Colleague: 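I have a structure I would like to understand better, so I am pasting it below and will then ask my questions one at a time.
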Amino acid sequence: MRTRSVRTRGGLSLRLDVRASAVVVGLLLAALGASIVLIGTGDFPIGAGDVLKTLLGDGEAGQEFIVRELRLPRVLVGLLVGAALGLGGALFQTVSRNPLGSPDVLGLGQGATAGALVMIVLFSGSAAAVTVGALAGGLATGFAIYLLAWKRGVHGYRLVLVGVGVSAIVTAVNGYLITKADLVDAARAVVWMTGSLSGRDWTQVWPLLGLSAVLVPLVLGNARALRMMEMGDDVSYALGVRVERVRLLLMVAAVLLTASATAAAGPVGFVALTAPQLARRLTRSPGPNLVPSLCMGATLLIVADWASQRAFGADQLPVGVVTGILGGVYLLWLLVMERRAGRI
């Protein structure tokens with residue numbers, strides 16, 4: 001049985017997709033297991049049992065410091081960034097009705113990068129200033145794409161094509177900013193642009209957690225309207241959905257999720273592109289698959305961070321390098337499949 005109805009004592013009836021629910025539970029368990037393993041990974045290895053004891057407050061003093069102050073914030077930032085990118089990617093792909101309609105392709109990550117580079121290169125800004133710059137750059141880029149793509153509404157391939165053009169322009173601006181920076185600021189900017197979770201602490205956790213606590217319920221509250229919009233604007237209007245209002249609200253939420261993730265960890269590539277597609281293939285369910293995409297994004301980034309630390313011997317790579325390699329291969333495969341299906 002694919003779906004089943006659940007009725008509460010208060011008379012509330014819910015339809016539950018059994019397969020999608022099992023996928024979400026499986027992804028949550030995978031993310032939890034990978035997080036425990038990642039917390040125990042490093043120059044001072046800690047067993048999974050000791051990690052759990054420490055998280056519950058029963059660890060040794062040295063383990064308490066390593067787990068709670070050094071490694072736990074990094075893992076939490078990874079989970080939140082992956083979840084934000086997965087959800088943002090699902091929103092953009094659903095709104096554009098295009099599997100290529102992700103923040104990576106549309107240039108939102110590059111826009112957030114441009115805002116951060118302005119703070120780093122021109123003002124030698126602090127971490128807080130870089131965060132504000134990334135949010136402002138992402139919002140400005142998203143607003144520009146929306147305006148340029150508007151023609152009696154925002155539709156599919158027009159949004160993607162405009163996003164590709166804006167991405168090329170912003171990428172050129174980023175390159176120009178790097179050439180104008182002094183050596184120290186340029187090195188700092190290049191490290192940030194790679195996308196990394198190294199050195200992340202509680203100052204990155206709390207803003208990202210607070211923004212996610214606001215945006216995730218807002219997005220999930222509009223999931224029903226978003227699913228109706230997949231049937232087309234005319235049908236959605238007939239069903240009482242305020243299409244452009246919902247579309248604009250969800251696009252702003254997706255831009256903020258992407259920009260906040262970029263501000264916290266740099267432009268980590270391809271998670272927003274691959275997570276919704278992988279989630280949909282696992283659930284085999286139509287619709288936006290918002291919660292599975294969120295969980296898939298968190299799991300992908302944590303596993304990629306573990307691979308960046310352990311899969312290349314003594315060389316530790318930024319997590320953005322690992323996601324870029326894997327995501328690039330996936331993008332080529334997706335383009336081939338879209339071409340065979342006659343959609344490009």
Side-chain angles (χ1 to χ4, degrees), residues 27-48 50-57 59-86 109 112 116 126-128 130-131 134 188 190-213 257-272 275 294-312 314-324 326:
L27 288 172
L28 288 175
L29 292 175
L32 177 62
S35 299
I36 292 173
V37 171
L38 186 57
I39 290 174
T41 299
D43 294 333
F44 186 82
I46 303 174
D50 291 332
V51 170
L52 289 173
K53 286 171 58 179
T54 304
L55 291 175
L56 295 173
E60 299 175 0
Q63 293 177 344
E64 289 277 350
F65 175 76
I66 292 172
V67 170
R68 294 182 179 274
E69 298 301 324
L70 299 182
R71 297 179 183 174
L72 180 59
R74 173 176 179 150
V75 169
L76 290 177
V77 170
L79 290 171
L80 290 170
V81 167
L85 291 175
S126 63
V130 171
T131 299
R188 180 186 172 198
V190 169
V191 171
W192 188 88
M193 289 173 63
T194 306
S196 175
L197 296 174
S198 179
R200 296 305 182 262
D201 55 29
W202 291 105
T203 59
Q204 281 88 31
V205 173
W206 299 120
L208 191 55
L209 181 62
L211 194 60
S212 299
L257 286 167
T258 303
S260 63
T262 304
V268 180
F270 291 107
V271 174
L294 181 152
C295 297
M296 178 61 76
T299 304
L300 278 178
L301 195 54
I302 286 298
V303 173
D305 193 33
W306 177 87
S308 71
Q309 296 185 51
R310 306 300 296 177
F312 300 94
D315 297 324
Q316 292 192 10
L317 299 179
V319 68
V321 174
V322 177
T323 61
L326 298 178

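Please read these numbers as outputs of a predicted model, since none were measured by experiment.
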Colleague: Which distance, rounded to the nearest 0.5 Å, do you find between the CZ of R71 and the CZ of F44?
Modeller: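 Answer for the CZ-CZ pair, R71 versus F44, is 8.0 Å.
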Colleague: Supply the atom-to-atom distance L55 CG to L72 CG, rounded to the nearest 0.5 angstrom.
Modeller: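 Answer rounded to 0.5 Å: 6.0 Å.
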Colleague: Got a sec: does the CH2 of W206 have more than 12 other heavy atoms crowding it under 6.0 Å?
Modeller: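 No, the 6.0 Å shell around CH2 holds no more than 12 heavy atoms from other groups.
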Colleague: For atom CD of E60, decide whether the heavy atoms of other residues, nucleotides or ligands shown that lie under 6.0 angstrom number more than 12.
Modeller: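 Counting neighbours around CD of E60, 12 or fewer heavy atoms of other residues, nucleotides or ligands fall under 6.0 Å, so no.
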Colleague: Over all heavy atoms of both residues, which pair between P73 and R68 is shortest? Give the atoms and the distance, please.
Modeller: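 Looking at all heavy atoms of both residues, the shortest contact is CD-O, 3.4 Å.
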Colleague: Testing the basics here: between S196 and S198, what is the closest heavy-atom pair and its distance to 0.1 Å?
Modeller: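 Answer, listing the atom of S196 first, then S198: OG-N, 3.0 Å.
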Colleague: For V75 and I302, which heavy atoms make the closest approach, and how far apart are they?
Modeller: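 Shortest heavy-atom separation between V75 and I302 comes out as O-CD1, 3.6 Å.
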Colleague: Specify the closest pair of heavy atoms between Q309 and L38, including all atoms of both residues, with the distance to one decimal.
Modeller: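 Between these two residues, the closest heavy atoms are NE2-CD1, 3.2 Å.
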Colleague: Grab the two heavy atoms, one from A261 and one from L208, that are nearest each other, plus how far apart they are.
Modeller: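 Scanning both residues completely, I find the closest heavy atoms to be N-CD1, 4.2 Å.
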Colleague: Show me, pair by pair, the donor-acceptor contacts under 3.5 angstrom made by side chains of residues 76-85, not counting sequence neighbours?
Modeller:
none

Colleague: What's the separation between atom OG in S260 and atom CG in L209, rounded to the nearest 0.5 Å?
Modeller: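 Here the rounded value is 11.0 Å.
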Colleague: Quick test of your reading of the model: are R74 and D201 salt-bridged, counting only N-O distances below 4.0 Å?
Modeller: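 So R74 does not pair with D201 through a salt bridge.
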